[in-house]
Number of protein chains: 4
Amino acid sequence: MLTKQELRSQETKKEIIKAAGQLFASQGFDSVTMREIAKMAGCSHTTIYIYYKDKEDLLHQLAMPPLQALNTQMESILQQIDLSPEERLRTISLEFIRFCLLHRNIYTTFIGVKASRVDLEESANGINTMRISIFNLLKKALRTCFAIENDEHLLMYSRIYFFNLHGIVNTYTHSEESIVSLMERLLPTFEESLDVLFIGISEKIKGVNKN
Amino acid sequence: MLTKQELRSQETKKEIIKAAGQLFASQGFDSVTMREIAKMAGCSHTTIYIYYKDKEDLLHQLAMPPLQALNTQMESILQQIDLSPEERLRTISLEFIRFCLLHRNIYTTFIGVKASRVDLEESANGINTMRISIFNLLKKALRTCFAIENDEHLLMYSRIYFFNLHGIVNTYTHSEESIVSLMERLLPTFEESLDVLFIGISEKIKGVNKN
Amino acid sequence: MLTKQELRSQETKKEIIKAAGQLFASQGFDSVTMREIAKMAGCSHTTIYIYYKDKEDLLHQLAMPPLQALNTQMESILQQIDLSPEERLRTISLEFIRFCLLHRNIYTTFIGVKASRVDLEESANGINTMRISIFNLLKKALRTCFAIENDEHLLMYSRIYFFNLHGIVNTYTHSEESIVSLMERLLPTFEESLDVLFIGISEKIKGVNKN
Amino acid sequence: MLTKQELRSQETKKEIIKAAGQLFASQGFDSVTMREIAKMAGCSHTTIYIYYKDKEDLLHQLAMPPLQALNTQMESILQQIDLSPEERLRTISLEFIRFCLLHRNIYTTFIGVKASRVDLEESANGINTMRISIFNLLKKALRTCFAIENDEHLLMYSRIYFFNLHGIVNTYTHSEESIVSLMERLLPTFEESLDVLFIGISEKIKGVNKN
DNA sequence: GATGAATGAGCCTTCATTCAT
DNA sequence: GATGAATGAAGGCTCATTCAT
């Protein structure tokens, strides 16, 4: 059992990472100062260094767990054989969107392109691996769903598909709305968007296969 | 007529904004220092302040002209009655993409959603106006093209359409490829992407109108 | 009699001062952190403050006992009337060297000339007194040994003699060799060095006295 | 010809290095802060960075020129064939002493043992090379002067000789007296000290050679 | 007695910006 | 018009030290 002191300590640690997440999200990694984080977390800036090695460590701790969770979840969805390929793609797509919007802060810094900055490489390594893995899962789902064999075509339609996902996430990345309200309000739009893509891509592939 | 000195002066001014544009593009606004800009422009860092109020002013001056040009161009395309509505939408869409990729640097900072950061608001005002105007032109083209009367539907399909455009631009925003090579390599993908959207949206609207 | 707890307490106190001594010796006073000392002593860094007022106090506690011991030992050697004056000077000289090399760490900070730094003055007071006393003992041995009556001459040959002692100690002050190995390896050199001084000074004094 | 501005600039640069020299001398490299240096130099601490890369650079700039000068001077003295070997050794010895006392500040940090700290290695490299070169010149003079062929003996008497030089320098390293007054007051002592060594060493070598 | 939690002071360094020439 | 000189504000980070448990 945890002592009262340990509890308070854990709380402080959480407050710090929470504040970091919020500030990174709203201002970007570089613009945020350790002192700002401390202020929002209600502690001295030196306290941060008790729990986290340095500023970059905050980013790392912030990003890894959710990314791993998403990866795992997407993998398990892809193995649900009771779902049709289309349903699987649709599900992991919506899950991906939900995740990215839930973790808007991290998304901006890590999933967002430009992810691998030279000076962050070290701690970003694990994160980059994760990111690649996630995109591979999406690509795999796409190939199965549309039964695309031609690699060039797969690449093209993957791109087109990803444009949409990226666009969705990016559009709402800086929204201040809660994830619940956001999903509730826009889920129909997102689904409609996937519909549009499914129909459009299917039609195009039909045409391609005919020729 | 301009004296020789005035010519030289104008040249310096141009060198500065050119350097700023290149550096902002390749390293991001925050990471660039005034001294770097000055070095690339071949002048002292203090000279910059003769022509531009401050660092932010550089960004502003950098962003407005292209945005205005884009706006004008889009307006003129929309008035070409020899084109079908679909061709007009397709043309301004590709133009928008081309523009955003050409001005990746500015896009990131201004068209990019996060645009209105508190500390930039002042100089961003003019830019924000421009941005809204541009999106309205796109929306107008969409309404005409798909003959959507229901406002709610228009909003939804506009969003879906924009997701794609945003996604495209965002994906290549940080690419180091030249605009020429980028467009040459990916134009088919972009066009295919618009195809997919046109087909998908059209199909969906048909279904909607039937019910 | 001491309780078991008191014993443990005394042990901790000793571990701390021992660790401090070692670390000050190998890294210098400023470079050592309280946390390092605590780690090496096997306790929390806050525990140090239970036994010692502050970092400087550690230095003080570290320096006084050995200095007092040296002082006492030198005094007792000077009183051994079974030794010739020259043997007495030689013995306390070697003893002084041995001591300084044994306590290289403290030497650097305290015997070393620079001793009286403004910010250390307070705690250095006792130490400074000790230092002066030690040098007076050496000077006394010199006067007796060379039978120098002229104060000016005494001062000059004392200086010359001290130059040598200082030089010896200073040269090996930062050596990582153990005191045993150091003395074993260099004792002949040290003795030869004293020989050289004895001969040189004696000869010079003869000449002086003749004139 | 230098403009008034350039003159002032040079002056500032000199004030900075002068202040750094004094402060490093009296407090040691680590204990001195850039702000202290700036304050003593009468400028802002940021100004220092205009003229010197960083704190370490100050140390480097402070140490190299004098060391090179000393090295050159010692070499030229050794080549004066109109002087006897003894006179040459005596001259470079006094020169060495004069130099070390003149540059007391640098001596402490660089000639002083412990010179090569890991984190300073890079900039200290040139300095270390210089130091070694200087000591080799002294050794060479010793060998010639006392005609010592046996390497072991040379090593021993070199050590003894160096003890004295080190001792002299170290004793007055922290004196606040001017170099002029210092040399004037103590030159006889230094010369007497060298006399003592010459006589002592010569006598000892005679004895050794007899056996 | 002993410790983990927390902090204020301070350090080196960078940068946008102003001033005097 | 143009520039080198100079600076204040700020940032990441470390450390000796105190406090509550």
Side-chain angles (χ1 to χ4, degrees), chain A residues 3-13 30-38 41-56 58, chain B residues 3 5-6 8-10 12-13 30-38 43-58, chain C residues 3 5-6 8-10 12-13 30-38 43-56 58, chain D residues 3-13 16 30-38 41-56 58:
Chain A
T3 70
K4 212 198 278 182
Q5 201 179 124
E6 279 170 329
L7 274 177
R8 231 186 87 88
S9 170
Q10 299 259 345
E11 185 122 349
T12 302
K13 188 172 180 181
D30 282 337
S31 304
V32 175
T33 76
M34 295 300 265
R35 282 167 168 89
E36 274 177 313
I37 296 173
C43 67
S44 161
H45 66 279
T46 53
T47 302
I48 299 178
Y49 291 93
I50 298 174
Y51 298 104
Y52 301 94
K53 185 174 164 290
D54 54 18
K55 199 180 173 187
E56 211 178 299
L58 282 171
Chain B
T3 70
Q5 209 180 65
E6 281 169 329
R8 230 185 81 91
S9 170
Q10 295 272 340
T12 303
K13 186 170 179 180
D30 283 337
S31 303
V32 175
T33 75
M34 295 299 265
R35 276 176 164 83
E36 275 176 313
I37 297 172
C43 69
S44 162
H45 60 282
T46 50
T47 303
I48 299 177
Y49 291 93
I50 298 172
Y51 298 106
Y52 302 94
K53 182 173 166 290
D54 55 19
K55 198 179 173 187
E56 210 178 299
D57 190 26
L58 282 171
Chain C
T3 70
Q5 209 179 68
E6 280 169 331
R8 231 185 81 89
S9 170
Q10 295 270 341
T12 303
K13 187 171 180 179
D30 283 337
S31 304
V32 175
T33 74
M34 295 300 264
R35 277 175 163 82
E36 275 176 312
I37 297 172
C43 68
S44 161
H45 59 282
T46 50
T47 302
I48 299 177
Y49 292 92
I50 298 172
Y51 299 106
Y52 302 94
K53 182 172 165 290
D54 54 19
K55 199 179 171 187
E56 211 177 299
L58 282 171
Chain D
T3 70
K4 211 196 279 179
Q5 201 178 126
E6 279 169 329
L7 274 176
R8 231 186 86 89
S9 169
Q10 299 259 345
E11 184 122 351
T12 303
K13 188 171 179 180
I16 290 169
D30 283 336
S31 304
V32 175
T33 77
M34 295 301 264
R35 278 169 167 88
E36 273 177 314
I37 297 173
C43 68
S44 161
H45 64 282
T46 55
T47 301
I48 300 176
Y49 291 93
I50 297 174
Y51 299 104
Y52 302 94
K53 185 173 165 290
D54 54 19
K55 198 180 173 187
E56 211 178 299
L58 282 171

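Convention: sequence-line order gives letters A, B, ...; per-chain numbering from 1. Because the structure is a prediction, the values reported are computed rather than measured.
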Interatomic distance, [X] [atom1] vs [N] [atom2] [rounded to whole Å]:
X: D:Lys55; N: E:dC11; atom1: NZ; atom2: C1'; value: 8 Å
X: A:Glu36; N: F:dG11; atom1: CD; atom2: P; value: 7 Å
X: A:Met34; N: F:dA9; atom1: CE; atom2: C1'; value: 19 Å
X: D:Asp30; N: E:dC12; atom1: CG; atom2: P; value: 9 Å
X: D:Glu6; N: F:dA5; atom1: CD; atom2: P; value: 8 Å
X: A:Gln5; N: F:dT21; atom1: CD; atom2: P; value: 8 Å
X: A:Glu56; N: F:dG11; atom1: CD; atom2: C1'; value: 15 Å
X: B:Ile37; N: E:dA16; atom1: CD1; atom2: C1'; value: 11 Å

Taking only side-chain N and O atoms of [X], does any of them lie within less than 4.0 angstrom of OP1 or OP2 on [N]?
X: C:Thr47; N: E:dT3; answer: yes
X: D:Arg8; N: F:dA6; answer: yes
X: D:Thr46; N: F:dA6; answer: no
X: D:Thr12; N: F:dA6; answer: yes
X: D:Ser9; N: F:dA5; answer: yes
X: D:Tyr49; N: F:dA6; answer: no
X: C:Tyr51; N: E:dG1; answer: no

Atom [atom1] in [X], atom [atom2] in [Y]: separation rounded to 0.5 Å?
X: D:Thr33; Y: D:His45; atom1: OG1; atom2: NE2; result: 9.5 Å
X: D:Ile16; Y: D:Glu11; atom1: CD1; atom2: CD; result: 11.5 Å
X: A:Gln10; Y: A:Tyr51; atom1: CD; atom2: OH; result: 8.5 Å
X: D:Lys55; Y: D:Leu58; atom1: NZ; atom2: CG; result: 9.0 Å
X: D:Ser44; Y: D:Arg35; atom1: OG; atom2: CZ; result: 8.0 Å
X: A:Tyr52; Y: A:Lys13; atom1: OH; atom2: NZ; result: 5.0 Å

(Q) Side chains of A:Ile50 and A:Thr12, heavy atoms from C-beta outward: is any pair under 4.5 Å? (A)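 Side chain of A:Ile50 against side chain of A:Thr12, heavy atoms only: no contact under 4.5 Å found.
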With respect to the side chain of [X], which nucleotide from [options] is positioned closest?
X: A:His45; options: F:dC13, F:dT3, E:dT14; value: F:dC13
X: C:Thr33; options: F:dT14, E:dT3, F:dC15; value: F:dC15
X: D:Ser44; options: F:dT7, E:dT17, F:dA2; value: F:dT7
X: B:Arg35; options: E:dG10, E:dA16, F:dT3; value: E:dA16

Q) If you find the nucleotide of DNA chain F closest to A:Asp54 and the one closest to B:Cys43, which residue's nucleotide is nearer the 5' end? A)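 Its nearest nucleotide lies further toward 5', so the answer is B:Cys43.
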Q: Indicate whether any N or O donor in one side chain lies under 3.5 Å from an N or O acceptor in the other, for B:Ser31 and A:Asp30.
A: no
Q | Duplex segments of DNA chain F, taken as runs of at least three Watson-Crick or G-U pairs that stay under 3.5 Å | A | E:2-21 with F:2-21
Q.
On DNA chain E, compare the nucleotides closest to A:Gly42 and D:Lys53; which residue's is nearer the 5' end?
A.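 The answer here is A:Gly42.
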